[in-house]
Peer 1: 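Here it is: the structure, laid out below.
This one's a predicted model, so the numbers in the text were calculated from it and none came from an experiment. Each chain gets a letter, A, B and so on, in the order the sequences are listed, and its residues count up from 1.
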2 protein chains.
Amino acid sequence: MPGNLLRPVVQETTPSLIARQLRRAIGDGELAPGQQLNEMELSRSLGVSRGPLREAMQRLTQEGLLLSVRNRGVFVIEVTDDDVRDLYLARNAVERAAAARVIAGDPEAGADRLLEKVDEMSAAIERGDTAALTEADVAFHELLVELSESPRLIRMHDTLMVETRMCMTALETRYASHSFRLDEHREITEAIRAADEARVDLLLLDHMRDAVMRLTTEDA
Amino acid sequence: MPGNLLRPVVQETTPSLIARQLRRAIGDGELAPGQQLNEMELSRSLGVSRGPLREAMQRLTQEGLLLSVRNRGVFVIEVTDDDVRDLYLARNAVERAAAARVIAGDPEAGADRLLEKVDEMSAAIERGDTAALTEADVAFHELLVELSESPRLIRMHDTLMVETRMCMTALETRYASHSFRLDEHREITEAIRAADEARVDLLLLDHMRDAVMRLTTEDA
DNA sequence: AGGGGTAGGATTGTCGACAATCAAACGGTT
DNA sequence: AACCGTTTGATTGTCGACAATCCTACCCCT
């Protein structure tokens with residue numbers, strides 16, 4: 001036995017790989033909101049046939065990232081202000097539950113891991129690297145949900161975060177100066193360490209409200 | 001203008017239709033947990049080609065209802081006790097947020113609609129119709145989330161409810177005598193009407209705990 | 001008898017081609 | 001000039017066929 005470091009070989013399926021590529025492209029804005037996805041063109045640039053590509057697009061359609069219109073094609077969704085509000089409502093629901101799980105589990109260890117991400121944000125701010133800041137911000141929330149160790153919360157959250165990333169890149173200009181958000185993340189982390197669920201709920205809600213304000217024009 | 005009652009024609013896409021069929025079949029147990037889905041056979045019985053069927057299966061794979069293994073095929077997921085717990089954890093997260101939205105909106109109207117479902121459950125119990133009882137139970141929770149008017153909560157919840165239904169039908173025997181759950185639903189409804197969010201949270205959590213207890217063998 | 005290797009059958013993965021549908025441009029008519 | 005019908009080009013929807021992979025059963029060898 002050459003050690004336990006040989007994982008079971010799980011070949012990922014092709015549509016799954018393509019789907020991930022598309023998700024990244026949407027999140028990074030390479031595929032703009034409203035844009036139609038030309039199957040022939042996309043399949044060529046991805047080096048696959050239309051079949052697997054179509055299967056991958058169905059996955060994103062199910063996630064709500066693409067909009068499929070019969071005999072017309074699939075389009076990247078356009079997020080309205082209402083969508084942003086709904087997006088953060090859903091994120092709040094998921095992250096709140098995840099935080100509760102972390103608190104019920106090992107809040108100390110979780111807080112330590114989360115602080116690393118806060119430090120990354122801090123470093124990104126020092127360098128004035130807004131892209132890295134956004135990444136660290138996203139990573140913080142993804143880690144929070146991962147720490148819950150709930151497959152379903154994680155899956156739902158992943159979908160929501162692609163949309164979030166899409167909004168952030170689309171409105172990068174308006175989203176620029178969020179240096180003060182650093183403190184918000186730190187407070188959330190410490191509230192988790194203190195196992196103060198009520199306070200975490202409150203802080204998360206505020207955090208989401210801030211983001212919505214920043215990402216929408218008219219506020220509801 | 002012949003009235004405003006002509007909706008815009010939205011042709012549903014074929015994979016979407018197939019996906020719904022598959023979801024229903026899985027929820028009703030026609031496709032048993034762990035069973036492999038033979039593409040050729042299924043496509044014949046659905047009257048479509050393998051292409052659209054595969055696209056539909058990718059949708060369910062994304063939802064977590066099917067498990068796709070490369071070069072082996074797709075299988076209906078088998079829900080372990082851990083899965084049941086996670087399932088209800090996720091459901092609690094979604095329904096809790098939905099209830100909060102209802103309370104923030106029009107709790108009176110929502111409670112009225114919910115009471116209808118409770119009455120349906122009551123009627124089903126009178127008739128001894130367990131199938132109808134299960135349906136009404138599911139309908140109650142689906143309505144609760146629909147009332148939130150949150151597209152994302154609704155979409156996530158729909159997925160979770162297919163799994164729930166699958167568990168219920170798989171363990172129908174053990175799940176039989178849930179007459180007392182009627183009161184739980186009524187209490188939840190009235191707590192919503194009273195706009196007592198904390199109480200709704202508590203009742204929902206209890207409700208979920210009950211269900212998990214009933215659907216699992218070993219309790220965590 | 002046990003183990004390993006090998007052929008067979010079946011299923012999935014991928015591709016290319018054809019049919020169906022749609023949006024836009026064109027041309028004719030009033 | 002405005003409107004309507006038609007044609008055209010392009011894109012999607014669907015299908016069948018071929019290649020790749022895997023599981024099973026069988027056979028041979030030790």
Side-chain angles (χ1 to χ4, degrees), chain A residues 1-2 6-22 25-26 30-78, chain B residues 1-2 6-22 25-26 30-78:
Chain A
M1 273 282 200
L6 54 191
R7 283 157 291 192
V9 50
V10 280
Q11 289 242 46
E12 201 162 6
T13 178
T14 309
S16 162
L17 288 169
I18 301 176
R20 188 176 323 166
Q21 291 262 4
L22 293 180
I26 292 176
E30 293 172 26
L31 296 173
Q35 179 181 342
Q36 177 170 9
L37 273 62
N38 188 309
E39 296 182 359
M40 200 102 63
E41 180 186 332
L42 248 183
S43 64
R44 259 203 308 271
S45 71
L46 285 170
V48 296
S49 175
R50 280 178 59 211
L53 172 62
R54 285 175 61 92
E55 294 179 21
M57 293 195 302
Q58 287 296 332
R59 288 181 92 127
L60 300 207
T61 300
Q62 184 59 39
E63 290 184 295
L65 264 50
L66 296 181
L67 191 68
S68 176
V69 184
R70 170 141 207 180
N71 291 321
R72 292 272 297 279
V74 301
F75 305 79
V76 181
I77 56 159
E78 305 187 69
Chain B
M1 275 281 201
L6 53 192
R7 283 157 291 194
V9 171
V10 281
Q11 288 242 45
E12 200 160 9
T13 175
T14 310
S16 161
L17 288 169
I18 301 176
R20 188 176 319 164
Q21 291 261 3
L22 292 180
I26 291 175
E30 294 172 24
L31 297 173
Q35 177 181 345
Q36 178 170 8
L37 273 62
N38 187 309
E39 297 183 358
M40 200 102 63
E41 179 185 333
L42 249 183
S43 64
R44 261 202 307 271
S45 72
L46 285 169
V48 294
S49 175
R50 279 179 59 210
L53 171 63
R54 283 176 61 92
E55 294 180 22
M57 293 195 302
Q58 288 295 333
R59 288 180 92 122
L60 300 207
T61 301
Q62 184 60 38
E63 289 184 294
L65 264 51
L66 296 182
L67 191 69
S68 175
V69 184
R70 170 141 202 172
N71 291 320
R72 293 271 296 280
V74 301
F75 304 80
V76 180
I77 56 160
E78 306 187 68

Peer 1: Please list, chain by chain and in numerical order, all residues satisfying side-chain contact (heavy atoms from CB on, under 4.5 Å) with A/Glu30, sequence neighbours excluded.
Peer 2: A/Arg24, A/Ala25, A/Asp28
Peer 1: Output all residues satisfying side-chain contact (heavy atoms from CB on, under 4.5 Å) with A/Glu55, sequence neighbours left out; order by chain, then residue number.
Peer 2: A/Pro15, B/Arg54, B/Glu55, B/Gln58
Peer 1: Between protein and nucleotides 12-22 of chain D, map the contacts as a letter string: B base, S sugar-phosphate only, - none, heavy atoms under 4.0 Å, written 5' to 3'.
Peer 2: BBBB-B---SS
Peer 1: In chain order, what residues pass the side-chain contact (heavy atoms from CB on, under 4.5 Å) check against A/Gln35, with sequence neighbours excluded?
Peer 2: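 Counting only residues at least two positions away or on another chain, A/Gln35 forms a side-chain contact (heavy atoms from CB on, under 4.5 Å) with A/Leu31, A/Ala32.
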Peer 1: Please enumerate all residues that pass salt bridge (charged side-chain N to carboxylate O under 4.0 Å, His left out) together with B/Arg20, with sequence neighbours excluded.
Peer 2: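 Checked B/Arg20 against salt bridge (charged side-chain N to carboxylate O under 4.0 Å, His left out); matches are B/Glu12.
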Peer 1: According to side-chain contact (heavy atoms from CB on, under 4.5 Å), who are the partners of A/Gln36, at least two apart in sequence or on a separate chain?
Peer 2: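 Applying side-chain contact (heavy atoms from CB on, under 4.5 Å) to A/Gln36 gives A/Phe75.
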Peer 1: Can you give me the dot-bracket string for DNA chain D, 5' to 3', counting Watson-Crick and G-U wobble pairs with both distances under 3.5 Å, using [ ] for crossing pairs and | for partners on another strand?
Peer 2: ||||||||||||||||||||||||||||||
Peer 1: I'd like to check the side-chain hydrogen bond (donor to acceptor under 3.5 Å, both in side chains) partners of A/Thr13; sequence neighbours left out, ordered by chain and number.
Peer 2: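 With sequence neighbours excluded, A/Thr13 shows a side-chain hydrogen bond (donor to acceptor under 3.5 Å, both in side chains) to no residue whatsoever.
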Peer 1: For residues 40-52 of chain B, which residue pairs pass the side chain to side chain donor-acceptor pair (under 3.5 Å) check, not counting sequence neighbours?
Peer 2: B/Glu39-B/Arg50
